[in-house]
Amino acid sequence: MARVLAFGAHPDDVEFQCAGTLALLAQRGHEIHIAVMAGGEYGSASLSEYEIRRKRLAENAKSAKIIGARFHYAGGHDGEIQYDSWYRKITYRVLREVDPTIVFTHPPTDYMVDHEEMSRLVRNACFLAPVPNCDSQSAHETTSGVPHLYYWNAMGLVDIFGRPLPLTNVVDISSVMDVKEQMLACHESQREWLRHHHKMDAYIEEMRHNAQAQGQLVGRAAAEGFIQHLGHGYPTNDILAEMLGDLCIRLRE
Ligand SMILES: [Zn+2]
């Protein structure tokens, strides 16, 4: 069985972009880990950053529990994620705790700089966490090798220039949309906030809309799109398609 790590910048990013795929992998008996870099400190207009962080991490842990995933908080802060030495080290630590076979994270281009920095941090950690002399003072053992790396789709399904991303895989999540909704609904603080501001349940509606739009790419009711990292040194066999069979539609050969 594989160890699967979905590592997002903020609480709820993982649920929005790949909870359906994680639910399918959990059903197949794989070990699932959900990690978050920052504590969601900017996600409230009334609570202090400490109060909202505590609330949002608890919401995220509750969501992870729905699919039996382990939850990790790396220790970062909203709006501060950057490709520096400290953030690199706390990213290695999560990779080394999990030693994943397959990793999901943000694409290199996305609407928020926290997301783009996160993409670089995770890509870097995948490559360097197996290296003994990398952060050699750390108490954590190195990972056993470079994992398969997949980027989930950008928020809003377009890059910062409004273009669709070059997806390699689309996963049919029609059978687990209810699980994805349950997981996202655990993030009650964000749902309430948006409900108050938009006067509608925009949180769940946007997720449904994105899943349908991605499903339309492959003639399925609901889907999540991914791009496999295929650069030098990373495994290039499509392990996601191997794990999910017919539910994972390859868009490129
Ligand atoms: Zn985010």
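All ligand and atom numbering here is 1-based and tracks the order in the structure. By convention here, the first residue in the shown sequence is residue 1.
In this structure, CZ in Phe16 is found 9.5 Å from NE2 in His187, a value given to the nearest 0.5 Å.
Between Asp13 atom OD2 and His115 atom NE2, the angle centred on the Zn ion (ligand 1) amounts to 100° (nearest 10°).
Checking Asn169 against Glu224 by side-chain atom types alone, no donor-acceptor pair falls below 3.5 Å. For the residue pair Thr168 / Gln228, no side-chain donor-acceptor distance below 3.5 Å is found, with atom types taken as modelled.
For Glu242, the CD atom is densely surrounded, since the number of other residues' heavy atoms within 6.0 Å is greater than 12.
When distances to the Zn ion (ligand 1) are checked against a cut-off of 2.8 Å, His106 contributes no N, O or S atom below that limit.
Taking the Zn ion (ligand 1) as reference, His10 places its N/O/S atom ND1 nearest.
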